[in-house]
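Computed from a predicted structure; not experimentally measured. Reminder, nothing fancy here: chain letters follow the sequence lines and each chain counts from 1.
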Amino acid sequence: MEIKEYLLMPEETEQAILWQEQHAQKVIHENHAQNPRLVAGADVSYGKHGEKAFSSVVVVDISSGEVVEKATWVGKPPHNYKPGFFALREVPCLLKTFEKLQTTPDVVLIDGNGLIHKRRFGLACHMGLCLDIPTIGCAKSLLVGNHKPLSKKAPIAPVSHMGDEIGIAMRKNREVTYVSVGHKVDLEFAKNFVFDLPVPTAIDHAHNSCSELFKKDQQLQENEKDKNKVQIIATAKDLKSQGLSYADVAKELNNYKDLRAMYGKKFTPRKIRNWLEQK
DNA sequence: GCGACAG
DNA sequence: ATCTTGTCGC
Ligand SMILES: [Mg+2]
């Protein structure tokens, strides 16, 4: 789909604060969603050592519950996570993913807050401005604000912060979701829409898709590592057959920087002996 | 200075 | 977000 505005905020904190305050004024708090049918859920997960980002957007037709389309993107995380500036980390990934989407959804659900934000400009607001589509923030925990305890009788409670009603806390079964306006929806619509969503939601699908990408990548890396190990063992075996001691074989292998890099750490005579005696 | 802090 | 196994409960 078409990205209306490719909005990236400055990395420097002081400028980012001003930028958020300025763009918060552009957020539309009135409802523009009518009879939504195509709902997009978006999420990002990260590699074990934070070197890779796995981003997914899944579109669900809520009239049937069927998945209509899925788009994914894998790349380097643009920024570390910083509370209040989550968009630095996820907006670039999500925009790359929405770009690939053929479908134009009626409503977008973002895994993060909208108006529930110190400057009323959480990730969902940011993405809403970029996409110019009705957008709702759905977070799993609270960034700012307070609310009365949820109970069976009152599974929904308003979230307030500095005198503003900026969202609602909602419990469906076991899980609590914090719902807030992202863009072009009002809180009343967002509340009812999310409350009535059948599970698995588009966000659930997106989250699962990210986990699959993560697992797939992890599996590939394991295979690569195994292939490398086979190569290393073959080399070690060759050296040993030339009459070198295990200590000398280890010393020799350590001279090859590429071999050491693919193994990850230094070779020890003990390790070499274990490998060769196993095979 | 301390604690809180979406993912 | 990731690191992680079994275990308690319906
Ligand atoms: Mg997420």
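Ring pair A:F121/A:W19 is perpendicular by interplanar angle, where above 60° counts as perpendicular and below 30° as parallel. By the 30° and 60° cut-offs, the orientation of the rings of A:F54 relative to A:F214 is perpendicular.
Here the closest non-hydrogen pair linking A:F86 and A:D111 is CE2-O, 3.8 Å. Between A:D106 and A:R37, the shortest heavy-atom contact is OD2-N, 2.9 Å.
Rounded to whole Å, the distance from CD1 on A:I203 to P on B:dA6 is 16 Å. B:dC5 atom C1' lies 11 Å from atom NE2 of A:H117, rounded to whole Å. A:K215 has its NZ atom 11 Å from the P atom of C:dC3, to the nearest Å. Computed from coordinates, the A:K82 NZ to B:dG7 P distance equals 18 Å when rounded to whole Å. Taking atom NE2 of residue A:H126 and atom P of nucleotide B:dA6, one finds them 18 Å apart after rounding to whole Å. A:Y81 has its OH atom 14 Å from the P atom of C:dT2, to the nearest Å. Taking atom CG of residue A:D217 and atom C1' of nucleotide C:dT2, one finds them 14 Å apart after rounding to whole Å. Rounded to whole Å, atom C1' of B:dA6 lies 15 Å from atom CG of A:N80.
Ring stacking is absent between A:Y46 and C:dA1, as the pair misses the limits of under 5.5 Å between centres and under 30 degrees between planes.
Among the nucleotides C:dC3, C:dA1, B:dA6, the one closest to the side chain of A:K140 is C:dA1. The nucleotide whose nearest atom lies closest to any side-chain atom of A:L143 is, among C:dA1, C:dT2, B:dA6, B:dA6. The side chain of A:A139 sits closest to B:dA6 out of B:dA6, C:dC3, C:dA1. Proximity note for A:S141 (side chain, C-beta onward) versus B:dC5, B:dG7, C:dA1: the nearest is B:dG7. For A:S45, the side-chain atoms get nearest to C:dT2 when compared with the rest of B:dG7, B:dC5, C:dT2.
When heavy atoms are screened at a 4.0 angstrom cut-off, A:H49 is found touching no nucleic acid atom at all. Residue A:G50 is out of contact with every strand shown, counting any heavy-atom pair closer than 4.0 Å. Within 4.0 Å (heavy atoms only), A:F54 reaches no atom of the nucleic acid at all. Nucleic acid contact for A:L142: sugar-phosphate only, since backbone atoms but no base atoms lie under 4.0 Å from a heavy atom of the residue.
Side chain of A:K172 to backbone of A:F195: a donor-acceptor contact under 3.5 angstrom is found.
Residue A:K52 places no side-chain N or O under 4.0 Å from the OP1 or OP2 atom of C:dA1. Listed pair A:K48 / C:dC3 meets the phosphate criterion, a side-chain N or O lying under 4.0 Å from OP1 or OP2.
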